Amino acid sequence: MTTATHPLGGPPVPVPAPGGMTAPLGPVRATFGGALRSEWTKIRSVRATFWTLVVALAATVGVSVLVSIGTVSSKSGVQDLRDGDPTSSALTGFIVGMLAMVVFGAMAITAEYGTGMIRTSFTAQPRRSTVLAAKAVVLTAVALFVGLVSSFASFLIGAQIFAGKGVHVSLGDPHVLRAVIGGGLFMAVTALLSFGLGAALRHTAGSITAGVGLMFLLPVFQSFMPGAWRDAVVRWMPLNAGGNIITTKNTEHMFTAWTGFGVFVLYAVVALGVGFWLTDRRDA
Amino acid sequence: MDGGPVIEARGLTKRYGDKKAVDDLTFTVRPGVVTGFLGPNGAGKSTTMRMILGLDAPTSGTVTVNGRPYVTAVAPMREVGALIDAKAIHGGRSAYNHLLALAQTNNLPRRRVGEVLELTGLTQVAKKRSGGFSLGMGQRLGIAAALLGDPQVLMFDEPVNGLDPDGIRWIREFMRTLAGEGRTVFVSSHLMSEMEHTADHLIVIGRGRLQADMSVKEFITRNSEQSVSVRSPEPGSLIRLLATAGARVETQRDGVLTVRGLEPARIGDLAFDAGIRVHELAPHQASLEEAFMELTRDQVEYRANSDHNELIGA
Ligand SMILES: Nc1ncnc2c1ncn2[C@@H]1O[C@H](COP(=O)(O)OP(=O)(O)OP(=O)(O)O)[C@@H](O)[C@H]1O
Ligand SMILES: [Mg+2]
């Protein structure tokens, strides 16, 4: 076997027989496990993904710390701080980190449509719901991990800041552990919601706009609503509903932590349902 | 391999809006030979290939691979390897990771990635971002992906587009070797000249409709009627003379006569006997490209016409 410069340019090549097999392939199957491994390889092998997650983490922790510092310096007395919700203050950064999660969730699918890679993916595994489900599982796991790290870091640093003012909060206090773990869950479900929108809309910019609109712009309208309406409607907005999970005290007119989060999960389920349904019946 | 059809399309039709991209196509593709899928731009080649792979759903009709719809394959990559669009990869991912992610979907062994990289000569650049690849290297990566599952069927959509002559020859020989191993090779092109040396069998489409389905040899015999270009200062008398002798004569714009149905020597003798001066007498073998254009010309004319009508209608 000789090597020669390759006619298509690039490095020199040996010229073996086209099959190029060193040993015959045994019987193989395309399985869900295979799809999971494939999606994990995809997600870890693009640098942009990594940086999006770093931004999510840095923004969450950074803003949380700033808000904690702001809170302790603006409130006059220790009692004032205790009457507030130190845990919730220490987790405020999630509002910002969530933006990066919207990008992460949408890009997991829209990047494949943008490059045309989706056709290669659906050729290798023509059962499209298998591909989407595997993506969703990997994406949720990664978002949950980043969310939990962000959440615990934000809370632990925030608790130190509050402790400096003599206000002590710990993971053992009522509802605190739920709120901190809730931060991770909130991020994971946000990524899933955005992934569903991405699967339905296929375009990166459109999906991110839709995700940001649904999460962050919708609440802006509440200021234009008549009071009675507002109290009835506002709690149903995705960010308001989901956000209850990172508080330890119930806010007026809002759902309780788990009910609110359940509503948020419903939004994600609907988005995913539409995304899966459209993906299955459309031409790729 | 029993030689039976591997890809089988029946009444395959695809409509986009009120436009028929593929119109009632029925054909089969057999193993052990290279089957060329030929048609001018917009004829519906890519659409047909996407339907074979289940990427686009037919409006009506069916297409099967090894007797069943491709989407029901247990190990899709073992059955079909396809190069649809070499640029359709995430540029930020290395060639190695791109191939690994594909191999994993079908639980193919990891060593297979190294093998196809070796095979297409990409081993040295395997860890580089594929976004930086040249056109030719991108094409090689697409071929590497198609070969991952060591499939029985290979489908290439315009694999030599944008490649230089050496690259074209490499791919051509590659496809011939794959077919020689008993595989089914289905390759599209809009150039007859390309298929002439690559394909054994031809499926020609124009405007989504089947125009020809025959061996390349048969296509050549059928379509390479000889003609003779004749220049004469007395074209009128010559035309009458040749027509009487049973030839079909056409006058070209520059006054040259195109004569079909008579040998050059016979034309010369006839003219000499009748005392008609001939200044030029040149036999002319119609190229396959011309035959192919001829075959799909009606379709193109129809298109020009319908566009015109739409303009008037608007
Ligand atoms: N997704 C789509 N939506 C609307 N029209 C389409 C779509 N895909 C293809 N078409 C139209 O269908 C026809 C056939 O296109 P197709 O790409 O299959 O042709 P082709 O033979 O591959 O052409 P080419 O040689 O240019 O690649 C064209 O007129 C094209 O404009
Ligand atoms: Mg095409």
Side-chain angles (χ1 to χ4, degrees), chain A residues 3-31 33-49 111-112 114-128 130-131 134 281-284, chain B residues 50 53-57 70-71 73-78 80 82 84-85 87-94 97-98 100-102 104-109 111-112 115-116 118-125 133-134 136-137 139-140 145 147 149-150 163-164 166-167 169-171 174 177-178 181:
Chain A
T3 61
T5 50
H6 197 281
L8 300 191
V13 278
V15 194
M21 305 295 295
T22 52
L25 289 169
V28 294
R29 299 175 71 91
T31 59
L36 279 179
R37 281 188 289 281
S38 169
E39 292 305 328
W40 172 242
T41 300
K42 283 185 194 169
I43 225 166
R44 69 169 173 76
S45 62
V46 173
R47 217 173 303 161
T49 313
E112 288 215 19
T115 55
M117 173 72 190
I118 197 76
R119 292 214 178 109
T120 312
S121 297
F122 286 160
T123 302
Q125 172 52 285
R127 288 169 203 89
R128 298 181 186 176
T130 301
V131 177
R281 63 189 299 276
R282 267 186 320 217
D283 289 340
Chain B
R50 286 200 304 271
L53 295 172
L55 293 170
D56 282 20
Y70 175 70
V71 297
V74 184
M77 294 175 78
R78 289 289 281 133
V80 182
I84 292 295
D85 179 4
K87 292 178 297 293
I89 45 175
H90 196 301
R93 201 169 280 134
S94 70
N97 282 326
H98 172 70
L100 177 62
L102 289 175
Q104 285 171 324
T105 60
N106 280 232
N107 292 300
L108 298 169
R111 66 170 162 87
R112 195 56 197 149
E115 286 169 16
V116 297
E118 190 72 20
L119 194 60
T120 49
L122 293 172
T123 311
Q124 286 174 44
V125 293
F133 282 12
S134 69
M137 282 161 72
Q139 214 77 349
R140 280 154 75 177
L147 292 172
D150 190 27
L163 296 182
D164 59 24
D166 278 349
R169 199 172 316 127
W170 182 76
I171 289 196
F174 205 86
T177 317
L178 288 166
E181 293 173 348

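Just so we're on the same page: letters track the sequence lines, and every chain starts at 1. Keep in mind the model is a prediction, meaning the values are calculated, not measured.
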Contact class of [X] relative to chain A, heavy atoms under 4.5 angstrom:
X      : value
B:A145 : neither
B:F133 : neither
B:R169 : neither
B:D85  : neither

Expected output: side-chain B:R78 to main-chain B:L108 donor-acceptor under 3.5 Å: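 Not at all, since once roles are kept as given, no pair shorter than 3.5 Å links the two residues.
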Structural part of A:R128 lying under 4.5 Å from a heavy atom of chain B: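 Just its side chain gets close to chain B.
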Heavy-atom pair with the smallest gap, counting every atom of [X] and [Y]:
X      : Y      : answer
B:A82  : B:L53  : CB-CD1, 3.7 Å
B:A73  : A:R127 : O-NH2, 2.7 Å
A:T123 : B:P76  : O-CB, 3.8 Å

Qualifying residues under side-chain hydrogen bond (donor to acceptor under 3.5 Å, both in side chains), relative to A:T49, sequence neighbours excluded: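 side-chain hydrogen bond (donor to acceptor under 3.5 Å, both in side chains) check on A:T49 returns nothing, list empty.
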What residue, out of [options], has the most heavy-atom pairs lying under 4.5 Å from chain A?
options              : result
B:V74, B:L55, B:V71  : B:L55
B:M77, B:R93, B:H98  : B:R93
B:A57, B:A88, B:P109 : B:A88

Chain B contacts, top residue of A:T130, A:T115, A:T31, A:V131 (heavy-atom pairs, under 4.5 Å):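 Of the options given, most contacts go to A:T115.
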Top contributor to chain B interface from A:P27, A:P126, A:A111 [non-hydrogen pairs under 4.5 Å]: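 So the answer, after comparing A:P27, A:P126, A:A111, is A:P126.
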Partner residues of B:S94 under the side chain to side chain contact (heavy atoms under 4.5 Å, CB included) criterion, sequence neighbours left out: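 Partners of B:S94 by the side chain to side chain contact (heavy atoms under 4.5 Å, CB included) criterion, ordered by chain and then number, come out as B:Y96, B:N97.
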Derivation of the side-chain contact (heavy atoms from CB on, under 4.5 Å) call for B:R140 and B:W170: CA-CA 10 Å; B:R140 280 154 75 177; B:W170 182 76; 4.2 Å; yes
